[in-house]
Amino acid sequence: MKISRRDLLKISTTAGLTAFTASAISPLLGVVNVGYAHSHNKREVIPFNFAVIGDAHLYEMPNHRFDKTLERAINDVIKMNPKPDFVIFIGDLANFGKREELLKGKKILDKLKKAKIDYKIIPGEHDWYLDLGEFWKSLFGPPYWSFNHKGVHFIGMNSILVDDFWTVRDMSPWERMLAIAELECDICGLWGVGEKQLQWLENDVKNLSPDTPIVIFTHSPLWNYYPRWNFQTKDADEVRKILSKFEKVIAIHGHVHQVVYNRTDNIVHIGNLATSWPWPYPPVELPYPKIVMHRADPGDIYDGVGFATTYIDDSFLGNFKYVEWADLIPKELKNGIPL
Ligand SMILES: [Fe+2]
Ligand SMILES: [Fe+2]
């Protein structure tokens with residue numbers, strides 16, 4: 001007897017297999033990860049795909065190697081067949097929030113538009129703290145937004161807002177930027193979306209029915225991965241609470257520059273690769289991820305980096321596939337992570 005994914009979902013949920021372990025990623029058990037009982041009631045989704053690119057960390061100097069890796073990702077996306085419906089850039093376009101870096105980044109991203117592929121963008125901490133987002137907003141508009149596409153409600157939020165740590169220390173904008181550009185900034189504090197965006201989110205989803213498919217993008221994870229490196233969002237529990245009424249949410253984040261995935265209640269979380277460099281995994285024993293990417297070859301600028309393509313099917317199941325240019329992805333994840 002052939003068991004379909006849908007049948008497996010039913011079996012899984014009937015058997016009460018709701019607990020998630022990251023080790024459950026496999027062509028079979030991966031389905032359990034996104035098990036939900038009412039997939040057949042999903043509002044109709046027209047299948048489509050989109051790409052996720054991020055963490056480009058561009059420097060102002062010309063012909064930097066990070067220009068090349070971002071351009072390679074953009075060119076790969078332009079060559080995709082079928083074309084993605086759109087691209088999400090998931091933060092850290094610049095490295096020090098400089099105008100020259102952001103302008104260079106916009107110029108590269110705008111190649112997508114020339115190829116008739118639209119993109120949406122959210123900020124990362126490296127884009128923001130030189131001028132508190134002023135120039136970024138002048139180029140790209142509001143840092144949080146939502147839109148509907150083919151039956152799915154997409155949300156982007158700015159998750160890198162911190163309380164003012166600079167005024168009391170009399171820090172210049174450049175000192176503030178350098179402080180937060182460190183992976184481990186002792187004085188910066190944990191970052192989050194803040195009260196204003198929480199209210200906006202609440203309002204944004206209040207009229208949506210629970211069977212609405214939701215995809216949310218944030219620069220940092222909406223779960224506590226490793227707070228010391230801001231692999232977290234401090235008010236993520238409030239974001240998750242607002243989204244808890246939905247049957248299923250897909251949450252995609254940047255910032256971690258590595259293969260990572262998890263599940264909290266109704267949310268599947270996945271981290272995107274950077275086009276710049278891979279971060280190491282946190283130096284502590286964590287229950288996730290069980291399957292990690294291979295260590296990068298420091299001599300190869302295309303190793304350890306990449307982007308992702310995402311396919312969404314008509315019942316809001318799908319696949320998040322890392323695209324890389326070296327032998328980075330372990331075989332269990334070569335075919336993507338089930339959504
Ligand atoms: Fe980054
Ligand atoms: Fe970041």
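First listed ligand is number 1; within each ligand, the first listed atom is number 1. Basis for what follows: all heavy atoms, side chains included, without hydrogens, waters or symmetry-related copies.
The ring-ring contact (aromatic ring centres under 6.0 Å, His included) test with His57 singles out one residue from Trp277, Trp279, Phe96, and that residue is Trp277. In summary, of the residues considered (Ile312, Asn272, Val268), a side chain to side chain contact (heavy atoms under 4.5 Å, CB included) with Phe320 occurs for Asn272 alone. Partner Tyr225 forms a side-chain hydrogen bond (donor to acceptor under 3.5 Å, both in side chains) with one of His255, His269, His253, Gln258 and no other, that one being Gln258.
Note: Trp325 and Tyr302 have perpendicular aromatic rings, judged against thresholds of 30 and 60 degrees for the angle between ring planes.
Of all protein N/O/S atoms, those lying under 2.8 Å from the Fe ion (ligand 2) come to 5.
Residues Phe165 and Met171 meet the side-chain proximity criterion, which asks for heavy atoms closer than 4.5 Å.
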Throw together a table of side-chain donor-acceptor distances under 3.5 angstrom for residues 108-117, partners on residues two or more places apart or in other chains.
from	atom 1	to	atom 2	distance (Å)
Asp110	OD1	Tyr119	OH	2.7
Asp110	OD2	Lys106	NZ	2.8

